[in-house]
Enquirer: 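Below you'll find the structure I mean.
When reading the values below, keep in mind they use all heavy atoms of this one structure, side chains included, and skip hydrogens, waters and symmetry mates. Bear in mind that the values here come from a model prediction, so they are computed numbers and not experimental data. Residue numbering restarts at 1 for every chain, and letters A, B, ... go by the order of the sequence lines.
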Amino acid sequence: MALVDCNNFYASCERIFNPVLEGQPVVVLSNNDGCIIARSEEAKQLGVKMGVPAFEIKSLLEKNNIAVFSTNYELYGDISQRVMTILAQFSPSLEIYSIDEAFLDLTGIRTDPDEFGKKIASTIRKWTGIPVTIGIAPTKTLAKLANHIAKEKGWWGLVLDPSREDTVDRWLQAIPVEEIWGIGPQFTTFLNRYHTLTACDLKKAPEKWVRQHLGVVGVRTVNELRGQPCYTVVNVPAERKGLCVSRSFGKTTTVYEELEQATTAFVATVAEKLRKQKSVAQALTIFVMTNRFAKGPHYVNGITVKLPVATNSTIEMIHHTVKALKKIYRKGYNYKKSGVIATEIIPENTLQCALWDDVDREKHKKITAIMDNINARMGKGKVKFAIQGTQRGWKMRQEKLSPAYTTRWDDLLTIDITKEIQDC
DNA sequence: TCTGGGGTCCTAGGACCC
DNA sequence: TCTGGGGTCCTAGGACCC
């Protein structure tokens, strides 16, 4: 089992097309330019912490001349795909675990793991410009830990060989429990209270006690630490159980129409995603909320509606969204965020007809197909429904957005070589 | 002034069934 | 006075992940 993890992924993506940033501190912000969500090694060294609001460390960023970027998901998603495509060439069994991580099943691979890992790392680096770290071990949890150790040491990767239990244990003794995959803040507090401080301590904890306090998930984690696999590489991604699109607004609004424009735009994206994966939803949850950090009256509310017929039609979903929104909207609040969650998702082809169905589904299908087509060719959001509005007063702040170098023709990198030619 | 977004799995308890 | 035993399904909430 190998875990390949891209180093400081978003920051590394920004560097690909901006090589002057090599060796320089770089950070990437969350939506609305809110929090720090990625940091280059140099930024970490300067004490920039993960997840802190950017405004809190404004002077730190400025003083150290740290390059700051708005999140550019379009770019990162595309680079991710390229990395995963390359990884797929190394093993027939690949699980894309997140945008910057993948597990590889190494069963049947004859090459020495050390050599194999190095080869993967150098290939990704060469072909995409993204540096990666690789952890190799008998279980996912141990591969994660191996990866963690290698990252801390600045190595290409690390192979944890289970036949050398003493060496494995020595590594585990150096790792605090909170670094273990599956051990979060709550479990850490609990374990530390009982003097279980390191990965090695947890590995040796009695199963009954673990079962009682950390549940079956905890037992699996312990077994995995002991080298007994509880999780396998999942090749084909399971069907999504829910699909959520929600955003905080660039600025709050009290106006119903603005809330409606934003929320119908979100549901349009939900429907589009459903169509893309050829599935339909049977229920829809619509929610709104005020700024949880702000003073003043707070309001959070949501409604789940069962759809009369499972659907992925934007038209139909907008209809239900507006109805729900009108029910939960209360005048006088400063709305900061809204969202739409599709649930009870099933494949499109299992669609059942309702007895009384006055929706012309064939027509909806044609319209949405045409819209999807245009938007795929001309750019996202080129054609949309009137209710989504054109003002986008709610749209998120992205003041430091880099170009979508690899996915938009207009953003293609141009290099001016006239000077070089003249110099010749 | 400014504080992200999108997921998974497990468990306990209630409603209901025979 | 005395009041079984065994299920299922659903939901909300908690814990975790990136």
Side-chain angles (χ1 to χ4, degrees), chain A residues 3-10 27-38 49-59 61 68-73 76-77 80 95-103 140-141 144 147-148 177-191 210-221 224 230-231 234 237-252 262 266 269-270 273 277 283 285 287 289-296 298 302 304 306 334 336-345 395-400:
Chain A
L3 172 69
V4 182
D5 193 322
C6 301
N7 300 349
N8 317 322
F9 184 55
Y10 293 177
V27 297
V28 178
L29 305 177
S30 64
N31 280 347
N32 272 321
D33 294 344
C35 301
I36 307 286
I37 54 166
K49 297 268 180 287
M50 185 68 174
V52 295
F55 72 86
E56 280 180 11
I57 56 162
K58 202 169 167 227
S59 63
L61 295 172
V68 179
F69 289 94
S70 301
T71 185
N72 185 345
Y73 189 79
Y76 313 149
S80 170
E95 176 182 341
I96 299 171
Y97 181 66
S98 76
I99 193 164
D100 70 336
E101 271 176 78
F103 288 104
K140 281 185 167 178
T141 306
K144 273 268 191 189
N147 194 296
H148 172 81
V177 283
E178 62 258 45
E179 305 295 349
I180 302 167
W181 190 44
I183 305 297
Q186 301 297 316
F187 288 174
T188 299
T189 310
F190 172 81
L191 290 170
V210 174
R211 173 72 186 83
Q212 196 182 345
H213 295 104
L214 307 187
V216 290
V217 184
V219 174
R220 283 179 202 144
T221 299
E224 287 240 322
C230 297
Y231 303 104
V234 183
E239 295 282 325
R240 288 255 167 285
K241 300 197 167 151
L243 202 163
C244 172
V245 174
S246 75
R247 292 283 179 282
S248 296
F249 309 144
K251 51 177 194 266
T252 58
F266 301 156
T269 310
V270 167
K273 284 186 177 179
Q277 62 178 45
T285 300
F287 67 88
M289 57 178 77
T290 50
N291 186 351
R292 65 199 161 100
F293 297 104
K295 292 195 201 83
H298 286 205
T304 301
K306 291 268 175 193
N334 272 310
K336 175 65 176 171
K337 179 177 180 175
S338 73
V340 179
I341 310 166
T343 48
E344 296 177 42
I345 297 168
K395 97 170 179 292
M396 65 179 169
R397 255 196 332 277
Q398 281 188 306
E399 285 166 8
K400 324 245 172 170

Enquirer: Kindly write out the residues that satisfy salt bridge (charged side-chain N to carboxylate O under 4.0 Å, His left out) with A:E344, not counting sequence neighbours, or none if the list is empty.
Expert: A:K306
Enquirer: Is it true that A:N334 and A:T290 share a donor-acceptor pair across their side chains at a distance under 3.5 Å?
Expert: no
Enquirer: Base, sugar-phosphate, or nothing: which does A:I99 touch, judged by heavy atoms less than 4.0 Å apart?
Expert: nothing
Enquirer: Looking at every strand, decide which applies to A:G51 at a 4.0 Å heavy-atom threshold: base, sugar-phosphate, or nothing.
Expert: nothing
Enquirer: Please, what dot-bracket string fits DNA chain B when only Watson-Crick and G-U pairs with both distances under 3.5 Å count, crossing ones use [ ] and pairs to another strand use |?
Expert: ....||||||||||||||
Enquirer: Taking only residues two or more places apart in sequence, or in another chain, which ones meet A:A54 in a side-chain contact (heavy atoms from CB on, under 4.5 Å)?
Expert: A:L29
Enquirer: Under 3.5 Å, is there a donor on one side chain and an acceptor on the other for A:Q398 and A:S70?
Expert: no
Enquirer: Please tell me which of A:P53 and A:I341 maps to the more 5' nucleotide of DNA chain B, matching each residue to the nucleotide holding its nearest heavy atom.
Expert: A:P53
Enquirer: A:I180 near the nucleic acid: base, sugar-phosphate alone, or nothing, with a heavy-atom cut-off under 4.0 Å?
Expert: sugar-phosphate
Enquirer: Considering every strand and a 4.0 Å limit on heavy-atom distances, what is the contact class for A:V216: base, sugar-phosphate, or nothing?
Expert: sugar-phosphate
Enquirer: Heavy atoms only, 4.0 Å cut-off, all strands: where does A:L214 land among base, sugar-phosphate and nothing?
Expert: nothing
Enquirer: Using the test ring-ring contact (aromatic ring centres under 6.0 Å, His included), find all partners of A:F55 that sit at least two apart in sequence or belong to another chain.
Expert: none
Enquirer: How is A:K58 classified with respect to the nucleic acid when contacts are heavy atoms under 4.0 Å: base, sugar-phosphate, or nothing?
Expert: nothing
Enquirer: Hey, which of these two, A:F55 or A:K337, hits DNA chain B nearer its 5' end, going by closest nucleotide?
Expert: A:F55
Enquirer: Please classify the nucleic acid contact of A:K336 as base, sugar-phosphate, or nothing, using heavy-atom distances under 4.0 Å.
Expert: sugar-phosphate
Enquirer: Within 45° of the ring axis of A:F103 and under 6.0 Å from its six-membered ring centre, is that where the NZ or CZ of A:K140 lies?
Expert: yes
Enquirer: According to side chain to side chain donor-acceptor pair (under 3.5 Å), who are the partners of A:S80, at least two apart in sequence or on a separate chain?
Expert: none
Enquirer: Can you find a heavy atom in the side chain of A:F266 that is under 4.5 Å from one in the side chain of A:C244?
Expert: no
Enquirer: Counting any heavy atom closer than 4.0 Å, what does A:K251 reach on the DNA or RNA strands: base, sugar-phosphate only, or nothing?
Expert: nothing
Enquirer: Between which nucleotides of DNA chain B, 5' to 3', does chain A make heavy-atom contacts below 4.0 Å?
Expert: B:dC2 to B:dT11
Enquirer: Do A:F187 and A:W181 have their ring centres less than 6.0 Å from each other?
Expert: no
Enquirer: Which is true for A:K144 with a 4.0 Å heavy-atom rule: it touches a base, it touches only sugar-phosphate, or it touches nothing?
Expert: sugar-phosphate
Enquirer: Mind checking if A:D33 touches a base, just sugar-phosphate, or nothing, with heavy atoms under 4.0 Å?
Expert: nothing
